[in-house]
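Working notes, structure below.
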Amino acid sequence: RKEVEQDPGPFNVPEGATVAFNCTYSNSASQSFFWYRQDCRKEPKLLMSVYSSGNEDGRFTAQLNRASQYISLLIRDSKLSDSATYLCVVTRDDKIIFGKGTRLHILP
Amino acid sequence: GAVVSQHPSWVICKSGTSVKIECRSLDFQATTMFWYRQFPKQSLMLMATSNEGSKATYEQGVEKDKFLINHASLTLSTLTVTSAHPEDSSFYICSTSPWSANNEQFFGPGTRLTVL
């Protein structure tokens, strides 16, 4: 079993819809959690850090469930520009573990 | 945010040659840098962790004699792909952070390597 797992998708979602992704992690000692966004042929960029209390940034909401060992990302009122690959990242002991990413296509 | 540069942004070379890729932190010191490889339509794969002043730590399956890493200063790490072959053609990206690895990583723009 991989340490960080994501549904690879693709998720094909109409513009304006709400979409949610989950990411599970297997090591309970994991320390920090992030969502990154990667556009085609570009480097990843931080979308949000994920805190135990949950956090919201505009249309994006991230949550962490330590008991069930998963993090989630919710995108409301999706835009065409949200089309990208969303990477779940977990850190543990100064080691960074990437999920394989979830591809999202927003359809006009 | 912190700025990380990579050079070159793309390179085409003949099979058998060696290619050096530089990763620089422009406005902060980086004791640790990470090197990744990404094949088309696949996920990022961590290759190695580069530590300033000491040997790099390689992930399982990554040949340390093929992918030479040097982190000679607090702002520069280099990855040299030795005797490159077509199967080494990939997108190579570095990342680092002004803080520990448990914080946000800043990525370089990547280097696209094509080996003919």
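We use all heavy atoms of the structure for the numbers below, so side chains are in, but hydrogens, waters and symmetry mates are not. Chain A is the first sequence line, chain B the second, and so forth, proteins listed ahead of strands; every chain is numbered from 1.
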Discussion item. Parallel, tilted or perpendicular: which one describes the rings of A/Phe21 and A/Tyr86, with boundaries at 30° and 60°?
Written reply: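 Tilted.
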_I need the residue from B/Leu46, B/Leu44, B/Thr32 with the largest number of non-hydrogen atom pairs under 4.5 Å to chain A._
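Looking at each of B/Leu46, B/Leu44, B/Thr32 in turn, B/Leu44 comes out on top.
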Q.
Tell me which of these, B/Asn103, B/Thr57, B/Thr49, has more heavy-atom pairs under 4.5 Å with chain A than the rest.
A.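 When all of B/Asn103, B/Thr57, B/Thr49 are compared, B/Asn103 has the most.
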Can you find a side-chain donor-acceptor pair between A/Thr61 and A/Arg76 that sits under 3.5 Å?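 Result is yes, a qualifying pair exists.
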Would you say the side chains of A/Ser83 and A/His105 form a donor-acceptor pair under 3.5 Å?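 On atom types as modelled, these side chains do not qualify, holding no pair under 3.5 Å.
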Would B/Arg112 pass as a cation-pi partner of B/Phe91, given that its NZ or CZ must be under 6.0 Å from the six-membered ring centre and within 45 degrees of the axis?
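Yes, a cation-pi geometry.
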Task: Heavy-atom proximity to chain B below 4.5 Å, by part of A/Arg103 - done: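 Neither part.
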Checking heavy atoms, do the side chain of A/Lys42, its backbone, both or neither come under 4.5 Å from chain B?
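Answer is backbone: N, CA, C or O of A/Lys42 sit under 4.5 Å from chain B.
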ask   = So, do A/Val89 and A/Phe33 sit near enough that their side-chain heavy atoms are less than 4.5 Å apart?
value =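 In short, these two side chains do not touch, never coming nearer than 4.5 Å.
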Next on the checklist: Does any backbone or side-chain atom of B/Gln38 lie under 4.5 Å from a heavy atom of chain A? Answer side chain, backbone, both or neither.
Outcome noted: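 The side chain, not the backbone.
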